[in-house]
Amino acid sequence: MLEKSFFDRPVLEVAREIIGATLLFDGVGGSVVEVEAYDETDPASHSFRGPTLRNRVMFGPPGHAYVYKIYGIHYCLNFVCRPGSAILIRALEPVRGLETMRARRGGLADRQLCSGPGKLAQALGIDLRHDGLGLDVPPFGLRAADAAHPIATGPRIGTTKGAETPWRFVLAGSRYLSRPLPKVQPDL
DNA sequence: AACTGGATCGTCT
DNA sequence: GACGATCCAGTTG
């Protein structure tokens, strides 16, 4: 199981290593295939303008869940690293509790159960009640990746600010991503 | 395959 | 009072 000290490192380092890790919530979840990194130097980050009521967990100790509501509808799960930095969990390959996730996600195909931050939170049953919980104790269960995984990177999704920062990390070739990596523009 | 608009509300200006 | 670290259904090509 991953301990809190795992997250007390530079956020980009943790983001790469968390790919391929297993994330369970109440025994439901799967393998992490897509994340994005954010830190306090980053205009796109919730922590950029300092602590507020919403983002206070991002400034607390490493190894806790930062959960927020977005667009009035969806929830997003982050892993807090060093103060001001966090990793948005964007997609999982579903492995455990498939029937539970299908029920929560309206019977969709496996590929669409956890292929996006809001979808993933819905499939695992995560909401604001879980903001601030420790990642090393139930209902969370995190297991490190058992081997090195091929990583691909690209720009982050859904944010205008800092759009050129390639802080999106995915498991290369996975079919469970929220979206494929953008095509490389050929030179003219 | 790509793009559009609507849902819906907490948070911060 | 405006705007999201999103998702889905609908339309168009």
Side-chain angles (χ1 to χ4, degrees), chain A residues 7 10-12 14-16 18-19 23 25 29-30 32-60 62 64-94 101-133 135 152-171 175-186:
Chain A
F7 299 95
V11 66
L12 295 181
V14 181
R16 287 184 163 274
I18 207 74
I19 296 292
L23 164 62
F25 189 79
V32 177
V33 298
E34 176 179 348
V35 301
E36 286 176 359
Y38 291 87
D39 77 14
E40 69 279 6
T41 68
D42 171 5
S45 173
H46 288 176
S47 60
F48 183 62
R49 295 173 192 280
T52 66
L53 201 55
R54 173 177 68 162
N55 68 17
R56 65 194 191 285
V57 174
M58 272 189 87
F59 292 91
H64 290 256
Y66 167 43
V67 181
Y68 65 91
K69 192 180 211 180
I70 189 169
Y71 296 108
I73 302 180
H74 305 290
Y75 300 99
C76 293
L77 169 67
N78 297 257
F79 294 164
V80 175
C81 294
R82 286 176 174 168
S85 69
I87 296 168
L88 171 66
I89 311 303
R90 289 194 54 91
L92 304 181
E93 174 177 342
M101 292 193 277
R102 289 184 191 118
R104 288 171 174 160
R105 293 278 302 136
L108 290 173
D110 290 1
R111 292 181 62 149
Q112 308 176 66
L113 291 180
C114 300
S115 57
K119 301 176 186 180
L120 178 164
Q122 185 182 27
L124 270 58
I126 290 172
D127 61 41
L128 290 183
R129 293 173 303 174
H130 311 116
D131 187 33
L133 293 188
L135 296 172
T153 68
R156 293 171 301 185
I157 294 176
T159 171
T160 53
K161 295 163 280 201
E164 70 289 344
T165 311
W167 282 5
R168 180 181 180 220
F169 298 87
V170 309
L171 174 63
R175 23 179 280 227
Y176 295 94
L177 305 182
S178 64
R179 308 175 51 172
L181 284 180
K183 305 169 184 133
V184 180
Q185 299 296 340

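Below, read A as the first sequence line, B as the second, and so on, with proteins coming before strands; counting in each chain starts at 1. This is a predicted model, so every value here is computed, not measured.
The closest side-chain heavy-atom distance from A/F79 to A/I89 is below 4.5 Å.
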* Structure fact -> Contact string for nucleotides 7-13 of chain C, one letter per nucleotide 5' to 3', B = base within protein heavy-atom range under 4.0 Å, S = sugar-phosphate only, - = neither, reads SS-----
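Straight-line distance from the CD1 atom of A/I126 to the P atom of C/dT6: 16 Å, rounded to whole Å. One atom, CD of A/E40, and another, P of C/dA5, lie 17 Å apart when rounded to the nearest Å.
Judged by atom type and distance alone, A/Y68 reaches the base of C/dA5 through a side-chain donor-acceptor pair under 3.5 Å.
For A/E36, the side-chain hydrogen bond (donor to acceptor under 3.5 Å, both in side chains) criterion is met by A/Y38, not counting sequence neighbours. Contacts of A/D131 classified as side-chain hydrogen bond (donor to acceptor under 3.5 Å, both in side chains), with partners at least two apart in sequence or in another chain: none.
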Donor-acceptor pairs are to be reported for all side-chain atoms of residues 116-124 of chain A against protein atoms at under 3.5 Å, with residues two or more places apart or in another chain.
| from | atom 1 | to | atom 2 | distance (Å) |
| --- | --- | --- | --- | --- |
| A/K119 | NZ | A/S115 | OG | 3.3 |
| A/Q122 | OE1 | A/R105 | NH1 | 2.7 |
| A/Q122 | NE2 | A/R104 | O | 3.4 |

* Structure fact -> Secondary structure of DNA chain C per the Watson-Crick/G-U criterion (both distances under 3.5 Å; [ ] crossing, | other strand, . unpaired) is ||||.|||||||.
Each nucleotide N or O in nucleotides 10-13 of chain B that has a protein N or O under 3.5 Å away: list the pair and distance.
| from | atom 1 | to | atom 2 | distance (Å) |
| --- | --- | --- | --- | --- |
| B/dC12 | OP1 | A/T52 | OG1 | 2.1 |

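Summarising the geometry of A/S47 relative to A/N55, their closest heavy-atom pair is CA-ND2, 4.1 Å, with the distance given to 0.1 Å.
Residue-level contact check: A/L88 touches the bases, meaning some heavy atom is under 4.0 Å from a base atom.
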